[in-house]
Amino acid sequence: MASIFDIQGFGFQSDWNGELLTNSAREAMSGVAATNANAISIVPRIFTEEKTSSQVFSHAGKSESMANLAQSIAEAHELGLSVLLKPLLTPLDGTGQISLSPADLDTFFESYKAKIVEFAQLAQQMGVEQFSIGNELSALSVEENRGYWLDIIAAVRDVYDGTITYAAATDEANHVSFWDAVDQIGVNAYPPLTTELDPTVQEMVDAWYNVSADDYWAAVMDHKSPVDFFHSLSLEHGKPLLFTETGYRSLDGTNIRPGGWNVTSTQDLGEQRDAYEAFFKVWSGEGSWFRGAHLWEWDPDNTYKPTGYSPMDKPAEQLITDWFAGANPATSRTLEGSPDADLIEVGGGNDILSGGLGDDTLRGGGGNDTLVGGPDPIPRLATTTVTVTGFGSVVDGVGARMQLLLNDQPVGEVVEFTPAATAAERQTFTFTFDNPQAIESLKFAFINDERNESGDRNLYIKDITVNGQHLTAAEAVNTSAPGTWNLYHNRSIDYDMSDRQALFFGASTDNDVLEGADGNDTINGGAGNDTVRGGLGRDLVHGGSGNDVIDGGADIDKLYGDDGNDYIVGGEGNDYLFGGNGNDVLTGQAGNDYLHGGNGSDTFVFAAGFGRDIINQFHDSHGVEDVVQFDQNVVADFAALQSHMAQVGTSVLITLDSGDAIEIQKANLASFGADDFVFV
C-alpha cells in the first residue's frame, strides 16, 4: 500500500475502564485498519479531582487498566497499526485541561510524572512506537514550568526508547517551552478555515494558505497562514511535526470551528467530506517535515454519530480510505522563491520549484519534480513588486484608502479597500517601482480615517509580500494596533528594511541545495556553488555555473556539471556523467556508467563494485591532464594495473574481473603512463 503520509491514523479514546476490550472496540479498530490507516493513537484518561487539585490519579471506573491497554496495543499491532500512546489528563469537575492551575505545582508535577512514567514503561514493554507526555495542558506548558517538563522527559527517556512527543493545542503550540527536548512536535490542529456555512473545497484549501481573518487566530499563528505557521514551528525547533489530532464533525459549519466538539448545528455530511478533501489536497503537498496526522476520531463503540467527528459510514470515510491508499495523486505545486534565501519544501506531487536569487534550499519530495536553483548568471534586480491584500470598511460611500511609501516618499497610486465577507472577497493591490540606490523603509499608510453616525472607517491588511517574500506583522511597527496589521486613526505599518537589501536587489550569492528525492526529477542549479541530490528515480541534473556537488542517487540519471569545478557522483544505476567546463571529479559508483569529463583536467574515480564503465575521452596533452583514480583495495598500484590493460580497437580496456571493467574510448595504450593514474 502506498501511503500518502508517513503516519496516517485515527484517534481512539477510552472513556471507561474496559471500553477498549469490548467486541465493539475490536470491530472499530478493524474498521480503522480497513481505511488503509497505518497508525492509531490510543488515548486513556487520567484525572485530577478539580482544576486546582495537585494529585493525579487513575479512576477505577474511568481509566483503562494497564493490562487492558497492553492488550489493546497488542491488537493494534496485530492489525499492522503503529501506536501513539497519548494519556489524557482532565479534571473530574468538568473543567478543560487547558486551564489546569494546581495549587501546589511541585506536588502536581511529581504526581503527574509518576503516572506518565508508568505509561512510558508500558509503552516500552509493548513496543509502542510513539509516546505523548501530555495533551493540551496549555496553562502548564509555559516557560516558567520548563524545568518540570525537562524532568518528566528525562524520566521517560530512562524507561522508554521510542519517539517522544507532546500534543499541544493549536493556540498553545507557539509557547510550549520544551519542544527542543522532545523528538517530534505534536499539535492537535483545529485552525478555523472559512467563515462560510457552505464553502467550496477550494475556499477551504485557500484558507490553509492564507492568514486567518479572525484577529485572535491570526495572532496565535504569528500572522502566518496555518501551513506556514506549522512549518515555522518545525523549522524553528529543527523537529518534524505530527498532527496528533485533526478532524471535522459532520455538521454545518464544521470548517468554521473544527475544534468545536460542543457546537450545536444541523447535520452536514457533505461539509465534513469537503473539509477532509481540502485537508488532503493541502497536506499531501507538504514535505518530509510533516509526518502526517491522527484524524479525530474513530469511536471505540463503533457506532454512527450523526454529527460527531467519526467518519464511519459517512461520505468522508471513503474519501479518507482512498487518500490513505494513495489512490489520489498528491497535490502538485508551482512555487517561486524571493530574491533572498528561501526554503521551499513540498511533498509527493509533480512540483515546479524555483528558488530565484539567494542561497536557497529546494526539496522536491516524491513525484516528478522540476527544481531550478536560480538564474545564471546572478543579476541585480532593477525593480521591486509589493503586493498588499486586505479589506476595509466603507463610510459615506468611501472605502479605506492606503498609500505605499518608499523611503518616506509616496509610490504608486492611492488604493481603496472595501468590505470582504470572505477571504475570496479581499482585495489585492500590486505596486511595482524602480529600485533606488538603497531601500531603508516601507510604510503602508492609512490616510482617510473617519468615524461618524454612518460608521467607522478602518483598514485591515491580511498579507504583504515583497518580491514574493511574505512579511509578518511581528516584523513591523504598528502603533495603531501593535502585533497586527489593523489600522486605525490614520496610522501606518512601518518596516525598517535597512538590513534586508537582498530582498530588493537580489542576494550576491546563489549557492543552493537542491534535493529531488523520489521521482524522475529535472534539476538545474543555476549560478553558484550548488549541492544537488537527485534521490530515487531517473533524474536529469544540470549544475550550471559554479563549483557544484551533484549526487544522482539511485536509478538511471543524466548529470551535467556544466561550468565550474564540479564533483559528480552517479550513485546506483547506469548513469551518464558529463563534467562540462572545469576540472571535474566524476564517480560513477555502481552500475554501468558513461563518463565524459568535458573540458578541463578531470578525475575519474573508481572504487570496489563500480561496474562496466566507459570514459568517453581522456585528455593528456596541451596542459590538460586527466587522471584515473583507483581505490587501492581495487588495484594497488600502476604495476598491478598494467596486466589488466589492453588495446581493443580504438579503445583501451581495463578489465579487473567479470563485473568491473573500464573502456577508455579514443585512446592509445602506449600513451598511458604511471602519471595518468592515482591509487588512494
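Predicted model only: the values in this text are computed from it and were never measured. The chain is numbered in sequence order, starting from 1.
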- Item | Check: His470/Asp463 side-chain N/O donor and acceptor closer than 3.5 Å | yes
- Would you indicate whether the side-chain heavy atoms of Thr465 and Leu471 approach each other to under 4.5 Å? no
- Query: Does the side chain of His294 come under 3.5 Å of the side chain of Gln130 through a donor N or O and an acceptor N or O?
  - Reply: no
- Salt bridge or not for Asp183 and Arg157, using N-O below 4.0 Å? yes
- Query: Is the ring centre of Tyr148 less than 6.0 Å from the ring centre of Phe108?
  - Reply: no
- Query: With the threshold set at 4.0 Å, does a side-chain nitrogen-carboxylate oxygen contact exist between Asp351 and Arg333?
  - Reply: no
- Item | salt bridge (charged side-chain N to carboxylate O under 4.0 Å, His left out) against Arg249, all qualifying residues, sequence neighbours excluded | none
- Task: Over 60° means perpendicular and under 30° means parallel, so classify the ring planes of His59 and Phe57, tilted if in between.
- Result: tilted
- Is Lys314 salt-bridged to Glu317, going by a charged N under 4.0 Å from an acidic O? no
- Query: So, Ser232 side chain and Phe229 main chain: donor-acceptor pair closer than 3.5 Å or not?
  - Reply: yes
- Item | Check: Thr52 side chain, Pro102 main-chain N or O, donor-acceptor pair, under 3.5 Å | no
- Message: Tell me whether Lys86 is salt-bridged to Glu245, with the criterion being a basic N under 4.0 Å from an acidic carboxylate O.
- Response: yes
- Which residue, Asp268, Thr194, Thr195, Asp274, forms the side-chain hydrogen bond (donor to acceptor under 3.5 Å, both in side chains) with Asn255? Thr194
- Item | Side chain Glu19, main chain Ala25, donor-acceptor under 3.5 Å | no
- Query: Does the gap between the ring centers of Phe109 and Trp149 come in under 6.0 Å?
  - Reply: yes
- Query: Using a distance-only test with no angle check, is there a side-chain donor-acceptor pair under 3.5 angstrom linking Thr479 and Arg491?
  - Reply: yes
